[in-house]
Asker: 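Here it is: the structure, laid out below.
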Amino acid sequence: MMTSSQSKLTCKPTDYGPVVPTTPLVIFLQSVQETALKTFGSSKFDPKLYVDLSLKYDLPIVKKAFNDLPKTENGSVLVSDFKDFLSKYMNGAEDDLEHVVPVDYVVEPHGFLPKVVHKGVRDWGLEVHSLWKNLSRKVSKRVLEHPELHTLLPLKYPVIIPGSRFQEVYYWDSYWVIRGLLASKMYETAKGIVLNLIGLIDTYGYVLNGARAYYTNRSQPPLLSSMVVEIYKRTNDMDLVKKALPALIKEHKFWNSGIHNVIIEDDQGLTHNLSRYYAMWNQPRPESFTIDTETADKLTNDCEKEQLYRELASTAESGWDFSTRWMKNTSDLATLTTTTIVPVDLNAFVLKMELDITLLANVAGETSHALHFARASEARKKAMEIVFWNAEKGQWFDYWLNDSSSGKDVYKWDASNQNQNIFASNFIPVWIESFNSDETVVEKVAQSLESSGLLRTVGIATSLSNSSQQWDFPNGWAPVQHMIVEGLVRSGSKEARSLAKDIAIRWIRTNYAAYKTSKAMHEKYDVIKCGDFGGGGEYVPQTGFGWSNGVVLAFLEEFGWAEDLSPQCQ
């Protein structure tokens, strides 16, 4: 039988790129997670719970107590022994955070949702607004005093957590949380979230996926500049602009250098720089260690496994974890190939970052930065038009890299490498002013969306493939609805604006119906049936829920709700 070390020697490495080392605490908690699975069994098992635990004593003491537990041959422990160990040596994830009432929270903010005249919808809007109080946390004193005992990272300002199993701040979730906070007139809370994320860039050079020690090896869709611009529009806060600019410039470099940068040569021999997701990790994700290990079990050698682990983490960096969008074989998660895909939405976000930095630099009087990023945005818009845009279909398609290149790390553009399968991400660039300001493009995109099959009873499906992955059919996600709707409504096309309002009304109705029956806001929704929440993926459906709350409030602020318009499912 071949050993692991022999397997490494005899296989050809396919995984390249940096690896950000994790901490001794995270490595230890992975062992606790594995033992918990063997002890409690797989029914309702959530691996994340165990890497979110903190220690009551220094790591060597807890480690010794863990190693001294009597174990069976398969590594399990008596349930009573394991529970005693957890009780004596560990604190729960919720103990790292303290509830805190936001300083700017009021029961009914002045000027709240002025266009909502329907009493039932207004009352519900106030209930959704009140959820900010439930989701508001600050890092506990014990984390600040002994960070080495916790995987939660010490953040200076209060945060809004998504809810349920997600007991930490997340990067791209925070944009829609902030959009909701701005509708709730909670400007200080919104600013604090941004300052925390800027602090992560100051420490790590990029915003982490989430504020945990095990997320330091990847980022998430880069929307920090969008958060800063939205807050500035409401508050004219120059202090925030000046603090944010150096961090945003650093973040832009992160997404446009090294492994994240891809060079594509077009038919004319001109080269274009675009960005991709590429996590700095090639082992099982600590928060899903037992799941990733099982996913990789079918692979024959360690080289293939390391590549798969890189793909799993890179897909988590995309925010779309998981979806057939990233898979060679849509029925096999082990065929993820995210690092060889140049994604439409990521490049839309980086283009928006360039436009945002241009705006903020102009506001701050930094004319050389403004000029540099204006040129960068023009170059990326052109690259997106050449590499992604398909005029015949009226969509932007992800581009799959091939092995043939004209030189080291330069890929020759080939039309056949556009992934023409239908995903909601194909429409995300309409959110960006560079594209929604072109009425011809917008009308083509709106028509394409209407005929795509994605537009369902209560919103936009994530894909047309019912794969049991959570970023596939029939799930609809709040951020996807919001970006596409906001892009259409900001255009000059009357037809596109009408379509945007129709989608928003459908989405609000399903959120309203689900809330009335479950008394909760949900992470995702089933777009086939009004009032049903979504499912699939590697964890049970979650409630809370930060970005769903934010999008509902943003839609109600934008479109209002007429007295004679029923909020009930139609």
Asker: Got a sec: does the NZ of K519 have more than 12 other heavy atoms crowding it under 6.0 Å?
Answerer: yes
Asker: Could you please spell out the steps behind the side chain to side chain contact (heavy atoms under 4.5 Å, CB included) verdict for Y57 and L149?
Answerer: CA-CA 8 Å; Y57 309 98; L149 303 181; over 6 Å; no
Asker: List the residues meeting side chain to side chain donor-acceptor pair (under 3.5 Å) with E94, not counting sequence neighbours, and say none if there are none.
Answerer: none
Asker: Go through the structure and list residues passing ring pair (Phe, Tyr, Trp, His ring centres under 6.0 Å) with F373, not counting sequence neighbours.
Answerer: H252
Asker: Checking salt bridge (Lys or Arg N to Asp or Glu O under 4.0 Å) against E287, which of R165, R212, K48, R218 comes through?
Answerer: R218
Asker: Taking the cut-offs as 6.0 angstrom to the six-membered ring centre and 45 degrees off its axis, would you call R325 and W471 a cation-pi pair?
Answerer: no
Asker: Can the ring centres of Y50 and F289 be said to be less than 6.0 Å apart?
Answerer: no
Asker: Only one of E558, E230, E557 forms a salt bridge (Lys or Arg N to Asp or Glu O under 4.0 Å) with R179, so which one is it?
Answerer: E230
Asker: Can you label the angle between the W507 ring and the Y525 ring as parallel, tilted or perpendicular, going by 30° and 60°?
Answerer: perpendicular
Asker: Taking the six-membered ring for Trp, are Y215 and Y204 ring centroids under 6.0 Å apart?
Answerer: no
Asker: Does K516 have more than 12 heavy atoms from other residues, nucleotides or ligands lying within 6.0 Å of its NZ?
Answerer: yes
Asker: Check whether more than 12 heavy atoms from other residues, nucleotides or ligands sit under 6.0 Å from atom NZ of K138, and answer yes or no.
Answerer: no
Asker: State yes or no: are the ring centers of F533 and F545 separated by less than 6.0 Å?
Answerer: no
